[in-house]
Amino acid sequence: MFVTSFKGATPAQARAALRQYSDVMQAAERFFEGAFDNVKDDDEDVPMASSNDTKQTRPATPEDEEMGSDDAQDEDEDDDDEEFVDYDSDFEEKPSAEHIVADVDPYSGVFFSKDRKEEVIEVEEQPESVRLPGFSDPVKLMTQGEWMKGCPEGGEQSFLFSLYTQLSEGDCRCPNCGTAVKRNKSDFFAIFPDFSIYTQQLESIIHKTCTLCNSEFCLACAETASSDRAKRPDAGKDHPLFHCSSIQGVILGVGLSMLEQLFIEQTQDTRERKEQSSRTTKRRKTDTPVDTEDYDDDDVYYGMKKKQVGGIGYAGNVKEDDSGQLEAQAIQRAKDEKIGKLLLEIRTYLPNLHREGGGQTSDYLVHPTALAHLRRRFNLICSTLLRNDSLADMSDRSVLYFELLHWLETISNHEALASMMAMPIMVVVSTKAVTVKKSSAKPNLTIRERTIVYEGSSGPRELLEAIVIQAQAALKGLEGIKPQETIPEELTEEQKRMTVDIKGKAKEQAAEVSDENKRLLDFCHRILSTANAIDRSLRDTKGEAFVKRLHASLPKLYTSSSPSIPIHVDAGITEESARKAYMDWATRIRFEYCDLTIPSTDDGPPHYKSYFNNEARMLASSDIPKRSLAIAKELAILTTNLPVAWNSSIFLRVDETRVDVIKALITGPEGTPYYNGCYLFDIFLGPSYNQSPPNVKYMTTNGGKFRFNPNLYADGKVCLSLLGTWSGPGWISGKSTLLQVLISIQSMILCEEPYLNEPGWANQGGSPSSRAYSANVRRMVLKTAMLGNLKAPPEPFADIIRTHFRLKARSIAAQLDKWLAEDDGKATSADGGGYGVGAKGESGSTNGFKRDADEMKAILAKLESEKL
C-alpha cells in the first residue's frame with residue numbers, strides 16, 4: 001500500500017511524527033499516509049492514533065505500463081485522489097500489542113543471515129531520448145527498470161514505484177486554486193553528462209508559479225514553496241532542492257545511478273587495460289635484453305646457469321622501466337578524483353541533521369526511498385572499495401577514500417539510514433535467465449527481463465573493520481621499536497633540566513617524519529577515527545544494544561592482552577562440516593599479536609623466543625623511518641591476506657612490542673609428502689628491510705637432524721632465490737614482500753616431488769629415486785612435523801597445532817593408512833636421501849613408520865573425543 005501523492009512536511013509535522021514514532025522510517029511512512037495532515041505550524045499537537053489502526057501490507061510491484069498493465073493505468077487515472085491505492089489484496093492487519101511475542105528479535109530485519117538469497121526479476125528497457133531547451137544534444141531519460149534496479153527489502157518496491165510514477169506523469173495542482181501543471185518525465189529523470197547540470201536544471205524548474213493565483217508551489221510535492229515551510233527557523237539559506245523529501249528521493253536516486261554507472265565504466269576500463277597490458281607485454285621492460293631461448297621453468301627457480309629470465313612473479317636483479325606504472329598511477333588518480341568529486345556533490349543531498357546552518361525539512365523527514373537507493377547503489381561502490389586488501393594503495397588514493405569515509409559517517413549519523421551500516425550487502429552472484437520482449441505500448445522498443453540471484457555478504461561496518469585491523473597493524477609498524485619500560489626514579493634538579501633539553505631535542509627529531517610515512521600515518525588515524533565516530537553515532541541513533549550486536553559479528557585481531565575466552569570448534573560428523581569449521585577457525589586466528597619476550601636479568605633489552613634473538617636485541621633502540629614504513633605496509637597486508645584453506649594454511653604470530661620479530665607456521669599442502677604436517681619458521685625483519693629480504697630460519701628439523709627438502713637444510717637454512725640464499729630471480733627492493741616469501745615456501749618448496757628441487761635432478765620426475773625420496777620425507781613428516789609437534793608443541797602455536805589435528809583427525813587417519821600402503825619399508829635417512837636399507841614384511845614396514853602411525857592415530861582419536 002502506498003500514497004499516490006506525497007506531501008511536503010512542515011517542521012511542526014516532522015516534529016509531531018518523530019515524537020509519536022521513535023523509528024524515523026515508520027514516522028515517514030505514517031506521514032506519507034496522511035496521519036499528520038492536521039498538524040499546523042502554530043499548533044503542534046496531534047491526536048495519537050492507535051497502533052491497531054495501522055495496516056501492514058505485503059507490497060507488490062505493479063507491472064510496467066509498457067507491458068500493458070491495466071492496474072497501472074487505473075492507478076494513473078486516480079493519481080490526483082488523496083487516498084490509498086492497494087495493489088495487493090493479500091494483506092494482513094498489523095498485530096495488536098498484546099499479540100506481539102516478547103522475545104522477537106528487534107533487529108531481525110537488519111542482522112539477517114549472509115546465507116540469504118533472493119531472486120529478482122529486473123527489467124532492462126531502451127531509454128527514451130528528448131530534446132530540452134538550452135541543450136544541443138538529445139538527453140536520455142531514466143527508465144523505470146533502471147530506477148527500480150536492485151535487490152528489494154521490505155516495502156522498497158512500492159515506494160520506488162510510487163515516486164517514479166508521481167514525478168514522471170500526471171498533473172501537479174496548485175495548492176490554493178487547483179490549477180493543473182503537467183509533470184514530464186524529463187523534469188526529474190533526465191540523465192545529463194554531469195550531476196551538477198542535473199541539479200541546476202532541476203533547481204530551475206522545481207518551483208512553479210500558478211498562472212491563475214500567482215502563488216508559488218513545489219512541482220514535486222504540490223505544496224506552497226514558502227520559506228517557513230521549506231526550512232526550519234534555525235536553517236541557513238533557503239534552497240529549493242531541500243524543500244521536500246520527494247525531491248530528496250529523486251536526487252539521490254538519479255545521482256547514485258550516475259555514480260554507479262561511472263564507477264562500473266571506470267572499473268571495466270581499468271580491467272581492460274590490465275588485460276591488454278598482459279597480452280602485449282609478457283615480461284616487464286628492462287634495460288637489459290633477455291635471451292629466452294631454451295627457457296625452462298625449473299632453470300628459472302633453481303638458478304641453473306643458463307640464461308637470465310624474469311621468473312614467475314619476480315623481475316630478477318634488473319632495473320625496471322617504471323614509466324608505464326607512473327602513467328597508470330596518473331590515470332587512476334584522475335579517475336579517483338572524478339568519482340570523489342561526484343561523491344561529494346551527491347553527499348550534499350544526503351539527510352544530515354548537522355548540516356551547516358541547520359537541518360532542513362528533507363533532513364528531518366527522510367523519504368522512504370533514500371535507504372533503498374543507498375542499499376542498492378551506494379553499497380556496490382562501498383563494498384568494492386572497502387574490500388581493497390592494500391592499505392598503502394588506499395592511502396595513495398586518499399582523495400577517493402576520504403570521501404568514502406565522509407559518506408559512512410554521514411549515513412551512520414542519521415537514524416533513518418544508520419541501520420544500513422550493519423545490514424549485509426546483497427550482491428549479484430548469477431543471472432539465471434534473460435527474456436527479450438517487444439513493448440506492447442511502444443513496438444519499436446525492446447524490453448529484456450533478467451532473473452538476478454542476489455546473495456548476502458559483509459555489511460559496510462564489517463568491511464570497514466577489516467581496514468581498521470590493517471590500520472592498527474600499520475600503526476604498530478610506524479611506531480617503530482618501543483623502548484623497554486623502566487621504573488621511574490626520583491631525579492635531581494640538574495637531571496630534570498637535562499631531561500627537558502633531551503625531550504626538546506627528541507621532539508625535534510620525532511618531527512622529522514617522511515612525507516610517505518606521515519601520509520600513511522594520517523590515513524590510518526582517519527580510518528580509526530571514522531570507525532569510532534560511526535560507532536558513537538550508532539549508539540546515539542540506534543542504541544547500545546544495537547552496537548553490541550553489531551560488534552559481536554565484526555572480525556577481530558587478538559593480542560596477549562585480549563580476554564582469554566576458550567573457544568571449542570566442533571568438527572561435526574561429516575567432512576563438509578569439518579571443512580567449514582576448519583575454515584572459520586583458521587580465518588579467525590591466522591594472524592595474532594602475542595608476547596614473544598623473555599624477561600631480561602640485567603638492565604638491557606628483553607630476550608626473545610626467536611632464533612634471531614641477538615639481532616633483535618641489537619636493534620632495541622633503533623628507529624629507522626624507511627624500515628618502519630615498510631613494516632607498516634607489510635603488517636597491513638598480512639593481517640587479512642594470509643592464505644587459509646582445508647588443504648594448506650599459513651599462520652603468523654607477531655610480537656606485540658617488536659613487530660619485526662615474527663613466527664610462522666605453514667601446514668603442508670595436499671598432494672605432497674608434507675600434507676598436514678606443521679612447519680615452523682622464525683622470521684626477523686632486519687635493519688635494512690625491505691631494501692633487503694627478511695631473515696628466515698626453518699625450525700622443524702628434529703633438533704637439527706632432519707633435512708626435509710633440498711631447500712630446507714637440517715641447520716635451518718632456507719634456500720630460496722627471493723631470500724638471496726639461492727641463485728635466480730631475487731628480492732626487489734620496495735616491492736617484494738614477506739607474504740611472497742611465505743607463499744613461495746608453501747607452494748614451491750613444500751611441493752609434490754621435492755626430489756626435483758635438487759639441481760641436476762629436475763628431469764627425473766616420477767623416477768624410483770624421486771618416489772623413494774618422497775617416502776623418506778613422509779616418514780620424517782610423521783615423526784617430527786606431526787608427532788613431534790603434538791607431543792612438544794612449540795610456542796606460541798600449541799593451540800593451533802592441537803586444533804589443526806583435532807579438526808582434521810578423520811582425514812589425517814585416512815591419509816596415514818594411504819602413506820603406510822605406499823611406504824617402501826626403508827629406514828629413514830636423516831639427510832633426505834631415502835636410500836637406507838630395510839625390509840618390509842607382510843605385516844607392514846619394519847622401519848618404525850607403522851609404530852609412529854599407530855601412535856599418531858591414537859592421539860588423533862583422543863583429540864577427537866576432547867570436549868571443552
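Residues forming a side chain to side chain donor-acceptor pair (under 3.5 Å) with E752 (at least two apart in sequence, or on another chain): none. With sequence neighbours left out, K580 forms a salt bridge (charged side-chain N to carboxylate O under 4.0 Å, His left out) with D584. Here R590 pairs with nothing under the salt bridge (charged side-chain N to carboxylate O under 4.0 Å, His left out) rule; sequence neighbours left out. Looking at residues two or more places apart in sequence or on another chain, you find a salt bridge (charged side-chain N to carboxylate O under 4.0 Å, His left out) between K783 and D852. Contacts of R802 classified as salt bridge (charged side-chain N to carboxylate O under 4.0 Å, His left out), with partners at least two apart in sequence or in another chain: E866. Legend: residues meeting side chain to side chain donor-acceptor pair (under 3.5 Å) with Y582, ordered by chain and number and at least two apart, are H804.
E634 places a side-chain N or O within donor-acceptor distance of the main-chain N or O of L738, the cut-off being under 3.5 Å. T640 places no side-chain N or O within donor-acceptor distance of the main-chain N or O of A466, the cut-off being under 3.5 Å.
The shortest distance between side-chain heavy atoms of H551 and E465 does not fall below 4.5 Å. Using a 4.5 Å cut-off on side-chain heavy atoms (C-beta onward), I745 and V718 make contact. Taking 4.5 Å as the limit, some side-chain heavy atom of R387 sits within range of a side-chain heavy atom of S457. W731 places a side-chain heavy atom less than 4.5 Å from the side chain of N690. You'll find the side chain of M699 stays beyond 4.5 Å of the side chain of K663, heavy atoms only. Side-chain contact between I683 and L742: present, with at least one pair of heavy atoms (C-beta onward) separated by less than 4.5 Å.
No salt bridge links R778 with D823; every basic N to acidic carboxylate O contact stays at or beyond 4.0 Å. Here D715 does not pair with K717 in a salt bridge; the nearest charged N to carboxylate O distance is not below 4.0 Å. The residues R806 and D799 are annotated as not salt-bridged, no charged nitrogen and carboxylate oxygen being separated by less than 4.0 angstrom.
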- Decide side chain to side chain donor-acceptor pair (under 3.5 Å) for Y689 and N695; before the verdict, give the C-alpha distance in whole Å, the side-chain angles of both, and the deciding distance to 0.1 Å. CA-CA 9 Å; Y689 188 80; N695 299 318; over 6 Å; no

- Message: As a quick check of understanding, evaluate salt bridge (Lys or Arg N to Asp or Glu O under 4.0 Å) for K791 and E855, giving each step before the final call.
- Response: CA-CA 11 Å; K791 290 180 177 180; E855 184 180 2; 2.6 Å; yes

- Message: Evaluate Q764 against S770 for side chain to side chain donor-acceptor pair (under 3.5 Å), listing each step before the verdict.
- Response: CA-CA 7 Å; Q764 298 186 37; S770 178; over 6 Å; no

- Using the side chain to side chain contact (heavy atoms under 4.5 Å, CB included) rule, take D655 and I662 through it: C-alpha gap first, then chi angles, then the decisive distance, then the call. CA-CA 6 Å; D655 185 77; I662 302 171; over 6 Å; no

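A side-chain donor-acceptor contact under 3.5 Å links N676 and Q815.
Between W819 and F849, the ring planes lie parallel to each other; the angle is under 30°, not in the 30° to 60° tilted range. Taking the six-membered ring where tryptophan is involved, the planes of Y698 and F681 are tilted, since the angle between them lies from 30° to 60°.
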